[in-house]
> 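Here it is, the structure in full.
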Amino acid sequence: MSNETKSKVVNEVVKANMEYANNFGDKANIPMPPGRKFSILTCMDARLDPAKYAGLAEGDAHVIRNAGGRATDDAIRSLVISYKLLGTREWFVIHHTDCGMLTFTNEIMGDLLSQSLKPATVDENGWHDTGAEDGTNEGRFINWLTISDNEKSVIEDVKRIRENSMVPNDIAIYGYIYDCHTGKLNEISQATEVGRPS
Ligand SMILES: [Zn+2]
């Protein structure tokens, strides 16, 4: 495809990457195992940049992201690989204020998807769907792992990881909430307590 037929975003990404690659320096020599031996599980929210909020450079740490930063089976799969094969020894679970996962429930998502597959809209009365085309009931059978209380969700996820039989007792797991208004990480001491190594 020529540049004219590519989307604006594709062109921007390719251009930015070219600049990045031109200044790649000695990054080709970074070893695969994270140099600072830790992992972060956090939300995909576009306002969160773990490299910036936690001071990471290439090669420093593993960052696992999903909607909410939840400790799903797949997140735990990644964490176990991170430890067992790549040597991380400390893990952070970092949720955040104003998370999109606070704005809906399993029922709402199931309803929206049943009305249409197109994007929903949100206003002060909540989420609405255009109903523009056929939807699916598949969304009713998924646990979307929505969040009703930030602190509770962090504690729950640290606990879920801690109690997984593939996770060794000597890994420290810390719970934090990133504040989208200040950029600060606030520790949830009860979560860190649950995640304490033994
Ligand atoms: Zn979020």
Side-chain angles (χ1 to χ4, degrees), residues 27 29-109 141-198:
K27 288 198 269 284
N29 301 318
I30 298 173
M32 186 198 294
R36 292 170 61 197
K37 298 184 189 302
F38 71 97
S39 295
I40 293 175
L41 169 60
T42 197
C43 185
M44 67 185 189
D45 193 296
R47 295 166 294 181
L48 274 57
D49 186 344
K52 290 181 183 156
Y53 76 54
L56 308 179
E58 291 91 336
D60 276 355
H62 282 146
V63 178
I64 299 143
R65 301 185 74 163
N66 62 31
R70 303 307 313 265
T72 59
D73 288 350
D74 193 66
I76 292 173
R77 175 187 71 89
S78 298
L79 288 169
V80 169
I81 291 169
S82 172
Y83 158 79
K84 181 81 179 168
L85 304 182
L86 293 162
T88 61
R89 293 292 179 271
E90 295 168 90
W91 297 342
F92 292 77
V93 174
I94 303 177
H95 293 182
H96 66 102
T97 62
D98 198 34
C99 186
M101 300 298 277
L102 289 154
T103 69
F104 66 102
T105 60
N106 279 340
E107 198 192 353
I108 289 170
M109 190 62 164
F141 307 108
I142 288 176
N143 183 354
W144 294 92
L145 300 171
T146 59
I147 294 171
S148 57
D149 177 310
N150 260 152
E151 290 198 18
K152 232 192 262 178
S153 67
V154 175
I155 297 164
E156 204 176 287
D157 282 356
V158 169
K159 192 161 182 275
R160 186 155 198 267
I161 297 166
R162 177 84 293 157
E163 289 175 352
N164 189 287
S165 58
M166 293 179 291
V167 173
N169 294 333
D170 60 352
I171 288 194
I173 312 167
Y174 316 113
Y176 280 82
I177 291 174
Y178 172 88
D179 188 327
C180 281
H181 298 286
T182 63
K184 276 191 189 143
L185 288 174
N186 295 308
E187 186 170 25
I188 305 305
S189 53
Q190 212 186 318
T192 299
E193 191 52 47
V194 168
R196 190 179 289 283
S198 58

> Indicate yes or no: does R36 engage E90 in a salt bridge with an N to O separation below 4.0 Å.
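Here R36 does not pair with E90 in a salt bridge, since their nearest N and O are not under 4.0 Å apart.
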> Locate the shortest heavy-atom distance separating G175 from V154; write the atom from each residue and the value.
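In terms of heavy atoms, the two residues are closest at CA-CG1, 3.5 Å.
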> Side chain of S82, backbone of T88: donor and acceptor closer than 3.5 Å?
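A pair under 3.5 Å: no.
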> Return yes if a side-chain donor-acceptor contact under 3.5 Å exists between Y174 and E187, otherwise no.
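No, no side-chain donor-acceptor pair sits under 3.5 Å.
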> Between the side chain of R65 and the main-chain N/O of D45, is any donor-acceptor distance below 3.5 Å?
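Yes.
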> Check whether H95 reaches the backbone of G68 with its side chain - one donor and one acceptor, N or O, closer than 3.5 Å.
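Yes.
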> Would you say the side-chain atoms of T42 pair up with the backbone N or O of I94, donor to acceptor, closer than 3.5 Å?
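It does hold such a pair.
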> For a side-chain contact (heavy atoms from CB on, under 4.5 Å) with L79, tell me which candidate from D74, I161, V93 qualifies.
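With L79 as partner, side-chain contact (heavy atoms from CB on, under 4.5 Å) holds for just one option, I161.
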> Counting distance only, does the side-chain N/O of N106 pair as donor-acceptor with the main-chain N or O of W144 below 3.5 Å?
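Flag set: sc N106 to bb W144 pair under 3.5 Å.
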> How far does CG of D179 sit from NE2 of H181, to the nearest 0.5 angstrom?
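Atom-to-atom, D179:CG and H181:NE2 are 6.5 Å apart.
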> Do you know the tightest heavy-atom contact between G59 and I30?
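Nearest pair, atom of G59 first, then I30: CA-CG2, 3.6 Å.
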> State the SG-CD1 distance between C43 and I177, to the nearest 0.5 angstrom.
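With rounding to 0.5 Å, SG (C43) is 12.0 Å from CD1 (I177).
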> Is K159 salt-bridged to E156, going by a charged N under 4.0 Å from an acidic O?
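Answer for the salt bridge query: no.
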> How far does OH of Y178 sit from CG of D49, to the nearest 0.5 angstrom?
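These two atoms lie 8.5 Å from each other.
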> Say you draw a straight line from CG of D60 to CD1 of I40; how long is it, rounded to the nearest 0.5 Å?
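Taking CG in D60 and CD1 in I40, the distance rounds to 9.5 Å.
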> If every non-hydrogen atom of A191 is compared with every non-hydrogen atom of V158, which pair is closest and at what distance?
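The pair with the smallest heavy-atom distance is O-CG1, 3.3 Å.
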> Does the side chain of L102 come within less than 4.5 Å of D98's, by heavy atoms?
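Counting from C-beta outward, D98 and L102 never come under 4.5 Å.
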> Looking only at heavy atoms, what is the nearest atom pair of P34 and F38, with distance?
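Shortest heavy-atom contact: CB-O, 4.4 Å.
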> Within the supplied structure, the quantity of interest is the number of heavy atoms (other residues, nucleotides, ligands) at a distance under 6.0 Å from K27 NZ; does it exceed 12?
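It does: K27 NZ has more than 12 such atoms within range.
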> Do NZ/NE/NH1/NH2 and the carboxylate oxygens of D157 and R160 come within less than 4.0 Å?
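No.
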> Can you tell me how far CG of N150 sits from SG of C99, rounded to the nearest 0.5 angstrom?
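That separation rounds to 7.0 Å.
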> Answer yes or no: is there a side-chain heavy-atom contact under 4.5 Å between R47 and H96?
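Side chain of R47 against side chain of H96, heavy atoms only: contact under 4.5 Å found.
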> For residues M166 and P168, report the shortest heavy-atom separation together with the two atoms involved.
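Shortest heavy-atom contact: O-CD, 3.5 Å.
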> Scan I147, T146, L41 and name whichever one has a side-chain contact (heavy atoms from CB on, under 4.5 Å) with R70.
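That would be I147; it is the only one of I147, T146, L41 passing the side-chain contact (heavy atoms from CB on, under 4.5 Å) with R70.
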> Once the angle between the rings of Y176 and F92 is folded into 0 to 90°, is it parallel (under 30°), tilted (30 to 60°) or perpendicular (over 60°)?
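Correct class here is tilted.
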> I need the minimum non-hydrogen distance between I171 and R162, along with the two atoms involved.
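Shortest heavy-atom separation between I171 and R162 comes out as O-NH1, 2.9 Å.
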